There are 2 protein chains.
Amino acid sequence: MDIEELLKQNDLKVTPQRKAILAVLQNTNSFLSAQDLFQRVIAILPGTNFSTIYRNLDVMLAKGLLCRVPSDNGADLYELRREEGHHHHAVCKTCGASIPVDYCPMESLIQELDRKGFLPTEHCFEVYGLCARCRKGKGKQ
Amino acid sequence: MDIEELLKQNDLKVTPQRKAILAVLQNTNSFLSAQDLFQRVIAILPGTNFSTIYRNLDVMLAKGLLCRVPSDNGADLYELRREEGHHHHAVCKTCGASIPVDYCPMESLIQELDRKGFLPTEHCFEVYGLCARCRKGKGKQ
DNA sequence: CTAATTGCAAATTGTTTGCAGTTTA
DNA sequence: TAAACTGCAAACAATTTGCAATTAG
């Protein structure tokens, strides 16, 4: 999807900063921290301010353009929401490797939640543990 | 389980601070933020320092005594891990109500992860949305 | 007695905010 | 031109750290 289209469809004004943010997110297929995103954005558009990053992450989240997941260390991670390919991750606590998981718990939960009248709008599901390499003691990847 | 026993079994020295922390956690059946925990601990053991809370949350997490889940606002939440009664929550974004969910995605995932050689040690699963009351526009509980 | 643990105060880190100037529609 | 958006600098809140004194085993 075209970036400008995406912004317009969501009632967001097209600014260079937003185009840069979305360009970075579109070219990344893993999660990014706000810091990582910021670094990549200023490579494209020098001078962009960190608070602009945060403000836009917030509005894009509110519009449902992004997913946010909490990470093991303080910083939250962000990713562009794509229709196809919604997935979760298993994150290795030793080397940080992120293994995609083709299973989403929401499908199994819709009914239970519906029975309780709860309408889910966001979810996070993260698994932490040891990846195959680290289990074998091969240490950092 | 007796608190002192629990500490000894995990190679942790029995200190008044740790006993207070575990006492609070045992008497609470929802998640607590570090702040909430701190408030309740100093009610039992005045003078306890905030850094002691954080340090002990860390060691208890490392020993697997606790679960930690990220929350919608910055602060992480903690709960005593109990054999029975492991559960997750659906959190209302409007009123903050926390609805227990008797479903854990891990069970459905063990095989997929195992196939990939991944050994899960922790997980978080949180659902956000609108609770029944707020859906009906009754506002804050 | 020794290593673990604590309190304290200061530092760090991730994130948010007020405001004045700029840009988009 | 009005509302939305940005940069800047300062404020915040959650968490972490160094260090000296205390305490559990």
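Since the model is a prediction, treat every value here as computed from it, not as a measurement. Chain A is the first sequence line, chain B the second, and so forth, proteins listed ahead of strands; every chain is numbered from 1.
Candidate nucleotides dA9(C), dA9(D), dA24(D) were compared by shortest atom distance to the side chain of Pro16(B), and dA24(D) ranks first. Among the nucleotides dT17(C), dT16(D), dT15(D), the one closest to any side-chain atom of Ala34(B) is dT15(D). Here the nucleotide nearest the side chain of Leu12(B), chosen from dC8(D), dT5(C), dC8(C), is dT5(C). Among the nucleotides dA14(D), dT17(D), dA25(C), the one closest to the side chain of Val14(A) is dA25(C). The listed nucleotides are dT6(C), dC8(D), dC5(D); the one nearest the side chain of Arg18(B) is dT6(C).
At dT6(C), one or more side-chain N or O atoms of Asn56(B) fall inside 4.0 Å of OP1 or OP2 (strictly under the cut-off). Between dT6(D) and Thr15(A), a contact under 4.0 Å exists linking OP1 or OP2 to a side-chain N or O. Between Gln35(A) and dT13(C) there is no side-chain polar atom (N or O) within less than 4.0 angstrom of OP1 or OP2. At dG7(C), one or more side-chain N or O atoms of Thr52(B) fall inside 4.0 Å of OP1 or OP2 (strictly under the cut-off).
What separates OH of Tyr54(A) from P of dC12(D) is a distance of 18 Å, to the nearest Å. Between Ile42(A) atom CD1 and dC8(D) atom P there is a gap of 12 Å when expressed in whole angstrom units.
Without hydrogens or angle criteria, Asn49(A) side chain to Ser51(A) main chain gives a donor-acceptor distance under 3.5 Å. For the pair Thr28(B) (side chain) and Val24(B) (backbone), a donor-acceptor distance under 3.5 Å is present.
When all heavy atoms of Ile53(A) and Leu37(A) are compared, the pair lying nearest together is CG2-CD2, 3.9 Å. The two residues Arg18(A) and Lys13(A) come nearest to each other via the heavy atoms NH1-O, 3.1 Å.
As judged by a 4.0 angstrom heavy-atom cut-off over every strand, Thr48(A) is placed among residues touching the sugar-phosphate backbone only. Using a 4.0 Å heavy-atom criterion, one finds that Arg55(B) contacts the bases of the nucleic acid, with or without backbone contacts as well.
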